Amino acid sequence: MIRMEKRLQLFLLSFTLSLLVSSPPGAAAVQLDPNYYANICPNLENLVRGAVVKMMSQTPVAAPATLRLFFHDCFVMGCDASIMIMSSDGSDEWHNPADFSLKAEGFETVLAAKAAVDGDLQCTNKVSCADILALATRDVVSLSGGPTWPVELGRYDGKVSLGSDVVLPSPDFNLDQLNGMFGSFGLTQTDMIALSGGHTIGASSCMFFYNRLYPGDPTVSPGFLLQLQQSCPNPLLDPNAFAFLDAATPLQFDNAYFRNLQQGMGLLNSDQVLFNDPRSQGTVNLFASNQSAFFSAFVDAMTRLGRLGTKTAVDGEIRRDCRFVN
Ligand code: HEM
Ligand SMILES: *[C@@H]1O[C@H](CO)[C@@H](O)[C@H](O)[C@H]1NC(C)=O
């Protein structure tokens, strides 16, 4: 319990600090291309998808964990798989409390896909972990019932991963804070709302929303509040307690997340605020009533997210093992 409190303190501290540090602009450094590997590794997309299908059949955590991994990678030092680098001294991104809760299944999905790709002699050590993560992310979304889209490719893997660089949004953010952080990466409010729709799959540990339960946040619907209080009787005593981000269809990539928000059933404050703030409510209502509109905005936003801070042969490499720089 002491450890948990410590972790929570670190977690809150890191978000407070993150507000003080200016985030780097995420301008694209290379021209990405969906056909980048057409001659280098023609079977790439099938190899990745095969590994993803297998992982998803083994555990329902693979899909949400991979999607969240991609987001956390792209927001810190760009989409360069720096989130996957493990340093023996614990100075890497993953050891930052804001990333430490990333589930192993996301890393395992990318490692399995990388092994499948490298098993094809034409492809061995020619496809970046960053691109494999981007492809695996598209696949977990579409295999969960979401949209599919051509993934832009040609990223190199970063060589630097520092926990001190980690700047990520807090679940306690209000709309201005969310827009401020996403805006610093050139993403619009609509992009931010569509990307938040990633919370249509997966779960959150109680520690990220327990402050809304005791005393009850009036913007949480009364029935949902009771349900959450039962799931999270004392989050500090039970670090494993969790709730689904989309209580209606937690494994299905659909627009139920937005319909939940209309009913006061958003799990995190940063979710519910998208409906509660009149400046973003219209977009939530649109996505809640029209799933195609959500899917098309999500694809646009994921494509823009995927262009952040991409590396080239000059400042990157094709990592042999996604966990270590070459
Ligand atoms: C808008 C700001 C965001 C905030 C404040 C936020 C915060 C969180 C938090 C606190 C969790 C629970 C983590 C845990 O219990 O370990 C979570 C889970 C998750 N997030 Fe976000 N997130 C945001 C945006 C996004 C975006 C843009 C995506 C992807 C497009 C995303 C995808 C996910 C997924 C899929 C999960 C479930 C992970 C799992 O079940 O393993 N989130 N997020
Ligand atoms: C829903 O959104 C799609 C995609 O933006 C659009 O083409 C369609 O006309 C919308 N449908 C309705 C009923 O408004």
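For clarity, every value in this text was computed on a predicted model and none was experimentally measured. Atoms within each ligand, like the ligands themselves, are counted from 1 in listed order.
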Is it the side chain (CB and beyond), the backbone, both or neither of L305 that lies under 4.0 Å from ligand 1, heavy atoms counted? neither

Does any part of the side chain of V325, heavy atoms only, come nearer than 4.5 Å to the side chain of I85, both counted from C-beta? yes

Side chains of N96 and D99: is there a donor and an acceptor less than 3.5 Å apart? no

Heavy-atom proximity to atom 2 (C) of ligand 1 ranks first, among A104, A98, P169, for P169

For P171, the ligand 1 atoms with a heavy-atom partner under 4.0 Å come out as 5 (C), 10 (C)

Does the side chain of C123 reach to within under 4.5 Å of the side chain of I40, using non-hydrogen atoms? no

H199, M207, K103, R68: member with heavy atom nearest to atom 39 (C) of ligand 1: K103

Given a heavy-atom cut-off of 4.0 Å, could you list the residues near ligand 2 in chain and number order? N290, A293

Contact between R304 and F185 at the side-chain level, heavy atoms closer than 4.5 Å - yes or no? no

Would you indicate whether the side-chain heavy atoms of D246 and Q252 approach each other to under 4.5 Å? no

Any luck finding a side-chain donor-acceptor pair between Q262 and N285 under 3.5 Å? yes

Do F75 and S184 touch side chain to side chain, with heavy atoms closer than 4.5 Å? no

With heavy atoms of L178 as the reference, note each atom of ligand 1 found under 4.0 Å away. 1 (C), 2 (C)

L268 and ligand 1 - part of the residue with a heavy-atom distance under 4.0 Å: side chain

S196 heavy atoms within 4.0 Å reach ligand 1 at atoms 1 (C)

Give yes if a backbone or side-chain nitrogen or oxygen of A203 is under 3.5 Å from a nitrogen or oxygen of ligand 1, and no if not. yes

What part of F182 sits under 4.0 Å from ligand 1 if we count only heavy atoms: the side chain, the backbone, both or neither? side chain

In the structure I gave you, are the side-chain heavy atoms of F258 and F275 within less than 4.5 Å of one another anywhere? no

Options S170, A65, P60, ranked by nearest heavy atom to atom 5 (C) of ligand 1, top entry: S170

